[in-house]
Amino acid sequence: MRKYQQLALVIISISCLAILLAYKSENNRLKYVLEVVNIFGRNDAASLIRIDNSSHSRPAPYDFDSPLPVWQRVGNDVYVYSAFWQKNDLEVGGTVVSLAVGLEQAIVNFKCQVQHGGKDVVTGKFLFVRMDTPTGSVATPNGEIFTIYKFLCKVKRDFGHPTEVVFTDSTHSIKRFIPLRVLESKSVPQKMTITACVDLNNYLELENNFRQPSAILQYFLHHQIIGVDDFIVYNSNALDSMTTSILYNHGIKINLLPYNFPFDLTNTVQNRRLIELDCLMRNYNAAKYTFVGSINEYLYPSSRLRSNNEFLKNVAQVSSDVTQFTIATRAVCVDDRKKIFSDNLLYDVEARQESPFYIYRPQNYNRTGSQEFIKSLNVDRNVIFVHRYVEKCASKSDLYDWTTVLESDFLQYVNEIGKELNKLIYR
């Protein structure tokens with residue numbers, strides 16, 4: 001018996017020694033890797049942020065691009081882009097919210113059904129709301145005027161997660177199937193902090209400075225560094241496979257959505273309104289805050305957008321009735337000699353701003369009123385601001401240095417962002 005005990009002790013001792021040697025080997029390898037990382041400067045904050053983003057375990061996947069939206073014809077001169085299912089909280093049934101456009105003379109007369117996996121079908125009550133924009137109705141180059149609609153299909157029964165909403169044109173009795181995105185109900189701790197919806201619909205009309213691969217990379221890296229969790233890009237054709245590969249290699253998660261608008265769209269405000277509506281629906285119950293921006297619009301918070309950020313702390317205390325926050329903007333002139341946009345110091349005081357910049361708090365969007373009641377709050381530019389970069393400033397006499405009016409701590413953070421971008425893009 002004693003011999004077996006001694007043999008067992010010998011085996012245990014050998015096993016412990018092997019484990020110790022393996023641990024020492026892995027420890028030495030890790031030290032070597034860290035030394036290599038430090039040699040090549042990969043211990044900078046931006047790299048650590050990307051590691052944190054890629055390793056951070058989210059409670060649930062946020063596939064903003066599923067199912068892919070696309071403009072589909074549902075009737076004469078009426079098209080639907082995307083549809084969302086929102087279940088009732090206290091009773092069975094729910095509402096499908098669809099975003100649509102139609103020519104002014106188009107007849108909006110549909111029947112609707114909600115389908116569950118090709119099996120159960122529930123007939124709903126069809127309603128529609130005309131969505132006004134600041135510019136009113138917009139005419140195409142052919143003189144045709146189109147209107148933005150929100151189609152509602154309300155049902156009083158449901159059989160789990162629905163898969164499609166079915167629109168039937170009352171005139172021709174033709175059924176059109178639109179895939180549904182189900183808006184999951186998530187608690188506040190499960191939501192992402194902030195997401196960005198990137199409007200690239202007018203990509204080809206942008207100045208050359210903002211269409212360069214380095215400029216596109218800079219936009220996404222900048223917003224990743226300041227704390228944006230996820231990106232939804234409208235007009236997937238604007239980013240080629242090489243550019244998307246570069247973004248993925250930098251740990252940037254993007255969701256590419258097509259945007260094949262069915263009419264000749266000449267008004268950017270109207271276009272932005274459509275993208276905002278889809279963005280807000282797509283982020284409902286997924287993110288606490290979101291914004292829609294063009295590739296030349298850069299958000300600058302006073303610190304990284306996390307729990308201790310001053311802007312986030314302030315808006316968290318604001319009533320839930322306030323659904324959008326107006327962010328102060330400047331038109332900053334681009335100097336071709338500057339590698340990083342934040343290095344451009346001069347802004348045009350007299351520049352006319354195309355439209356306000358908002359950060360949104362996604363809310364319930366299945367209302368049936370003719371007007372969307374929106375409460376807005378202006379945010380102090382000492383807490384957060386936006387720079388709209390332009391190739392040429394209209395005025396040369398009314399240019400001012402924006403850094404002279406910025407508090408020292410805020411300016412230091414902006415400079416740190418620029419340093420990190422320089423390391424990542426031009427190392």
Side-chain angles (χ1 to χ4, degrees), residues 64-84 96-108 110 128-152 165 167 169 176-181 196-207 210-211 216 231-240 243-244 254-283 290-297 354-355 358 360 365 372:
F64 287 109
D65 54 358
S66 178
L68 278 176
V70 63
W71 289 105
Q72 299 185 58
R73 184 175 179 271
V74 295
N76 286 337
D77 299 320
V78 179
Y79 299 81
V80 169
Y81 180 60
S82 55
F84 304 86
V96 172
V97 184
S98 304
L99 302 180
V101 293
L103 291 180
E104 192 176 50
Q105 70 273 16
I107 299 174
V108 181
F110 296 96
F128 68 88
V129 181
R130 288 186 176 89
M131 306 299 294
D132 295 332
T133 61
T135 56
S137 299
V138 177
T140 68
N142 296 328
E144 298 171 317
I145 297 176
F146 65 85
T147 304
I148 300 174
Y149 295 96
K150 188 167 66 174
F151 287 173
L152 303 176
V165 59
F167 291 109
D169 189 334
R176 304 294 185 182
F177 295 78
I178 308 296
L180 283 176
R181 178 174 178 81
C197 294
V198 188
D199 178 5
L200 286 178
N201 185 58
N202 63 338
Y203 175 72
L204 295 177
E205 299 173 13
L206 292 173
E207 293 94 340
F210 308 112
R211 291 161 53 190
I216 295 172
F231 299 89
I232 304 172
V233 176
Y234 290 84
N235 187 14
S236 53
N237 293 332
L239 302 181
D240 57 29
T243 302
T244 54
I254 56 176
N255 304 269
L256 298 173
L257 306 184
Y259 196 75
N260 57 327
F261 192 78
F263 304 119
D264 293 328
L265 187 59
T266 58
N267 187 289
T268 57
V269 175
Q270 191 93 335
N271 175 65
R272 176 62 66 91
R273 177 64 171 149
L274 283 162
I275 290 176
E276 284 172 354
L277 290 170
D278 183 85
C279 173
L280 293 175
M281 290 295 299
R282 212 164 285 275
N283 278 279
T290 190
F291 65 88
V292 181
S294 298
I295 202 74
N296 64 326
E297 295 176 322
E354 295 178 357
S355 60
Y358 299 113
Y360 298 93
Y365 293 98
E372 292 286 342

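Side chains are part of it too, since the values below use all heavy atoms of this structure and drop only hydrogens, waters and symmetry mates.
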Practice task
For Arg73, enumerate each residue passing the side chain to side chain donor-acceptor pair (under 3.5 Å) test, keeping only those at least two apart in sequence or located in another chain.
Solution key: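 By the side chain to side chain donor-acceptor pair (under 3.5 Å) rule, Arg73 matches Asn76.
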Exercise for the section: Applying side chain to side chain donor-acceptor pair (under 3.5 Å), name anything that partners Thr243, two or more places apart in sequence or on another chain. Expected result: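 Thr243 satisfies side chain to side chain donor-acceptor pair (under 3.5 Å) with Asp240 only.
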[X] and [Y]: which non-hydrogen atoms are nearest, and at how many Å?
X      : Y      : answer
Phe210 : Ile216 : O-CG1, 4.0 Å
Ile275 : Val292 : CG2-CG1, 4.0 Å
Val198 : Phe231 : CG2-CD2, 4.3 Å
Phe291 : Ala196 : CZ-CB, 3.4 Å
Arg176 : Val74  : CG-CA, 3.6 Å
Leu256 : Ser236 : CB-CB, 3.7 Å

[atom1]-[atom2] distance between [X] and [Y], expressed to the nearest 0.5 angstrom:
X      : Y      : atom1 : atom2 : result
Phe64  : Ile254 : CZ    : CD1   : 13.5 Å
Asn255 : Asp65  : CG    : CG    : 4.5 Å
Thr147 : Met131 : OG1   : CE    : 12.0 Å
Phe146 : Asp77  : CZ    : CG    : 12.5 Å
Leu274 : Asp199 : CG    : CG    : 10.0 Å

Practice task
Indicate yes or no: at least one non-hydrogen side-chain atom of Leu277 is less than 4.5 angstrom from one of Ile148.
Solution key: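 Yes, close enough: below the 4.5 Å cut-off.
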Handout entry: Worked verdict on Asn202 versus Asn271 for side chain to side chain contact (heavy atoms under 4.5 Å, CB included)
Key = CA-CA 9 Å; Asn202 63 338; Asn271 175 65; 6.0 Å; no
Problem - Derivation of the side chain to side chain contact (heavy atoms under 4.5 Å, CB included) call for Asn260 and Asn237 - result: CA-CA 10 Å; Asn260 57 327; Asn237 293 332; over 6 Å; no
Exercise for the section: Compute whether any side-chain donor of one residue and acceptor of the other, for Glu276 and Tyr360, lie under 3.5 angstrom apart. Expected result: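 Per modelled atom types, Glu276 and Tyr360 side chains form a pair under 3.5 Å.
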Handout entry: Listed partners of Asp278 passing side chain to side chain contact (heavy atoms under 4.5 Å, CB included), at least two apart
Key =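 Here the qualifying residues are Tyr81, Ser82, Phe84, Leu99, Tyr234, Leu257, Arg282.
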Handout entry: Residues that Gln72 engages under side chain to side chain contact (heavy atoms under 4.5 Å, CB included), provided they are two or more places apart
Key =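 Here the qualifying residues are Val70, Ile178, Pro179.
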Practice task
Please answer whether the main-chain N or O of Pro67 pairs with a side-chain N or O of Arg181 as donor and acceptor at a distance below 3.5 Å.
Solution key: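 Judged by distance alone, no pair lies under 3.5 Å.
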Handout entry: Set of residues satisfying ring-ring contact (aromatic ring centres under 6.0 Å, His included) with respect to Tyr203, sequence neighbours excluded
Key =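 By the ring-ring contact (aromatic ring centres under 6.0 Å, His included) rule, Tyr203 matches no residue at all.
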Problem - Over 12 foreign heavy atoms within 6.0 Å of CG, Leu68 - result: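 Enclosed.
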Practice task
Give me the ring orientation class for Phe261 and Tyr259: parallel if the planes are under 30° apart, tilted from 30 to 60°, perpendicular past 60°.
Solution key: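 Aromatic pair Phe261/Tyr259 classed parallel.
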Exercise for the section: Could you check whether the rings of Phe128 and Tyr149 sit parallel, tilted or perpendicular, using 30° and 60° as the cut-offs? Expected result: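 The rings of Phe128 and Tyr149 stand perpendicular, inter-plane angle above 60°.
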Practice task
Given side chain to side chain contact (heavy atoms under 4.5 Å, CB included), test Phe167 with Ser98 step by step and report yes or no.
Solution key: CA-CA 10 Å; Phe167 291 109; Ser98 304; 3.5 Å; yes
Practice task
Begin from the C-alpha positions of Val165 and Val80 and carry the test side chain to side chain contact (heavy atoms under 4.5 Å, CB included) through to its verdict.
Solution key: CA-CA 11 Å; Val165 59; Val80 169; over 6 Å; no
